[in-house]
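Worth saying up front: this structure is predicted, and the values here are computed from it rather than measured.
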Amino acid sequence: MTFQGRLVLLISGLVTLAVALVTILLAWTTHSAIQTRVEADGRGAATLLARSATLAREVPRDVEALLGDRLLSEATLAAHLVAVMEAGKAPVKAVTDRLKAVADGGGPDEIWVTDNRGRAYLHNIPGPDITFGPDARAQPRQAPYYGLLNRAPEKVVTDAATEGGKLMKFAGVAGVDKPRIVQVGADVRRLGDIARKAGVDGVMASLLAGGTVEGAWLLERDGRLAVHATGPSAGPLSERAVEAAKAAAASGETGLLREGDRLTAFAPVPAVAGQGAGIAVVRLPAEDLSSVVGRHVKIGVLVGLLVLAAGVYGAVRFARSQMAPIERLGEAVAAVEAGRFNPFTLNEAMERNDEMGRLARVFRSMALEASYREETLDAQLLMRTAELETRTEKLAAAEHLIEEEQRAARDVQANLLPQQLPAGRDSQFFGLLVPGPAVSGDFYDVIELDERHCLLVVAGVSGWGVPAAFLMLLVRGAIREAAARPGMTPAAILAAANDRLCGQSPFDGFATAFVALYDRETGMLSHSSAGNRAPCRIRADGSVLTLADAGGPALGVRKGIPYGEAVTRLEQEDTLFLCTEGVLRAVNAQREPFGEERLAAVLHQGRGLSARDRSELLLRAVEAHVGPGGQTGDIVCLTVRRLLPASELAPESEAAV
């Protein structure tokens, strides 16, 4: 037998033996390996989801606490800086310029320093001085810091709150040289981004996108569903799976449950900062292991046959290929001289472990060194160009999406307003809505219960865009559904609407509302408020009164809250004016809000005007205050003017009408 025949026989026997051994080994180990992997994947996915639920509560709270400590440090440094500069007789302008330089150089966004009477005569924000006072209603941001003038307490940190379209957090300390307030603030809008990134929604979406998870659920300890994300074939959790989840929550350990061809894993979620514990649940498809084993055996046999054929073919060509490396090197030398070198022509020679293989590797390295430099530069240029185009396309798509969202929100807000208000000789009704650049979902409504009674509604919702419009739809539907029930008072309507919103709203939002039941014949008005400002009553002589503040907190915050109620009577030619906070919070270029005083002054000027004219007069006043393009939120108002009741008209005049 020739050398080539013996080599072919040897290689064929070795390959056949290896394929047989590998196939037998796969048959014994595939079943347990796949089962172990699926169970490990299930436990890992459930544990990851549980950890994400815990981090969603811990991370934003810890970050805000650290930010508060930093702001206190910056406020203390600012207090010492002002004390040192004033001790050195530095003028006010020099101190102000230094504070601006500190803010522009990476310090806090806002710095306010007062004298011993609370007037902030040093600040880096352009505009008039602000006087800190103890009235929390008039100065919700400044009032908590008023006690620093008496060093009771010596430092204050307030929670982050939205101000002027920004999410701001403030901290303050008492003066180090004399009684004063030193307050600093920072824009912390990235706290919201941290909360979203640390949340469970992103983790659920990632698990589903990987294809190994059919569905993910986050349950309360009693088995109630909190958050879930499922694929098209997942289906709901079975009762058996819910009971197993409760057991895992009680034991505090991870668990597994096999149901047919599916595997469900559970991992407990501990309680954090007073928020209740729960259980994370993921479901993975577990195919029939015997079919998987059979499939792997078939694949092993097929691969073995292919390898055997390749081995025989390689053995036949081995002898013929002994001189191939020398021929390839000769061709490579000629190609380099002609500038047409192809490095892949030396692959076969480079794989050899003898002198010819080493020579081929050295030659290829030398030939590629120069060509790779030029190719690398060209590739980097193409990559940078492609990245720039991709980012430009993403930016354009994001802008278009934002525009579409705002357009959809405006359409929802406009379509839900009453198309026609009640008309008659006893009262005048007029409603006005001017949406802001980012629609916030404020609205008004007038519901005619019968020929004599109607329900007046003014409400504002939290948030912006489509979520705010959807929440507005829920609030309006909840109030209308409650009002349709016979014998419902304003307080009962708000309580029913609050219970429904707490159970149905998919957003972590809330709404303020004012509801009043108006008797058009007698002028009697029973009203209740859910966190909304009390409306104004403008008497016939022009005096402006504020109705009694009766009611309770905003809707959608906590279920089962009772609401109070008050009663008043509109006399002839009295006017009732209702609005949302967007009117009072409209600020001018100096960041001064429109406020209650300006509102009362404009309403007093409208003495004797109709409901429409009084509303339009107020709108012109607000527009003049904020200036062109200064409106940031929705402006909503509802005006009701009581005329001479129909029962007091002469019979002949009624017949003439």
Side-chain angles (χ1 to χ4, degrees), residues 224 412-413 415-424 426-427 429 431 433 441-462 468-507 509-535 547-570 576 578-580 636 638-640 642:
R224 290 184 293 110
V412 171
Q413 189 177 30
N415 291 333
L416 292 182
L417 294 178
Q419 301 300 315
Q420 183 176 3
L421 296 178
D426 50 16
S427 301
F429 297 84
L433 166 65
D442 295 356
F443 72 97
Y444 66 88
D445 200 358
V446 178
I447 306 171
E448 292 189 85
L449 303 178
D450 52 38
E451 295 180 355
R452 177 174 174 177
H453 299 88
C454 60
L455 194 70
L456 311 178
V457 181
V458 168
V461 302
S462 62
F470 185 79
L471 186 56
M472 166 190 171
L473 178 62
L474 292 179
V475 173
R476 178 179 179 272
I479 292 177
R480 280 185 165 257
E481 179 182 353
R485 303 172 189 170
M488 294 290 284
T489 64
I493 291 174
L494 289 179
N498 177 66
D499 291 343
R500 178 176 176 184
L501 289 177
C502 289
Q504 291 188 358
S505 176
F507 304 107
F510 62 90
T512 61
F514 177 86
V515 176
L517 182 62
Y518 175 51
D519 189 331
R520 299 173 61 172
E521 290 188 5
T522 65
M524 296 302 297
L525 187 81
S526 58
H527 58 88
S528 182
S529 173
N532 200 79
R533 67 175 299 278
L547 296 188
D549 189 6
L555 303 177
V557 177
R558 182 163 57 90
K559 194 173 184 179
I561 298 177
Y563 288 84
E565 190 172 306
V567 179
T568 188
R569 184 174 185 270
L570 297 182
L576 181 68
L578 303 87
C579 68
T580 57
V636 171
L638 177 62
T639 306
V640 181
R642 184 174 181 234

Search all heavy atoms of [X] against all heavy atoms of [Y] and return the closest pair with its distance.
| X | Y | result |
| --- | --- | --- |
| N498 | A554 | OD1-O, 3.9 Å |
| D519 | H453 | OD2-NE2, 3.5 Å |
| N532 | T580 | OD1-CA, 4.3 Å |
| G431 | L638 | CA-CD1, 4.0 Å |
| D442 | G460 | OD1-CA, 3.0 Å |
| T522 | R569 | O-NE, 3.1 Å |

(message) Please enumerate all residues that pass side-chain contact (heavy atoms from CB on, under 4.5 Å) together with A482, with sequence neighbours excluded.
(response)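 By the side-chain contact (heavy atoms from CB on, under 4.5 Å) rule, A482 matches M488, I493, A496.
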Just to verify, what does [X] make a side chain to side chain donor-acceptor pair (under 3.5 Å) with, not counting sequence neighbours?
| X | answer |
| --- | --- |
| S528 | none |
| E448 | none |
| R485 | none |
| T639 | S615 |

Is the shortest side-chain heavy-atom distance between [X] and [Y] below 4.5 Å?
| X | Y | result |
| --- | --- | --- |
| I479 | D445 | no |
| P490 | F514 | no |
| H527 | P535 | no |
| V446 | Y518 | no |
| L578 | Y444 | no |
| L525 | L547 | yes |

Could you state the interatomic distance from [atom1] ([X]) to [atom2] ([Y]), rounded to the nearest 0.5 Å?
| X | Y | atom1 | atom2 | value |
| --- | --- | --- | --- | --- |
| L474 | E481 | CG | CD | 11.0 Å |
| D426 | R452 | CG | CZ | 10.5 Å |
| C454 | L421 | SG | CG | 10.0 Å |

Pairs under 3.5 angstrom only: tabulate donor-acceptor contacts from the side chains of residues 555-566 to other protein residues two or more places apart or in another chain.
residue	atom	partner	partner atom	Å
Y563	OH	P553	O	3.1
E565	OE1	T489	OG1	3.3
E565	OE1	A491	N	3.0

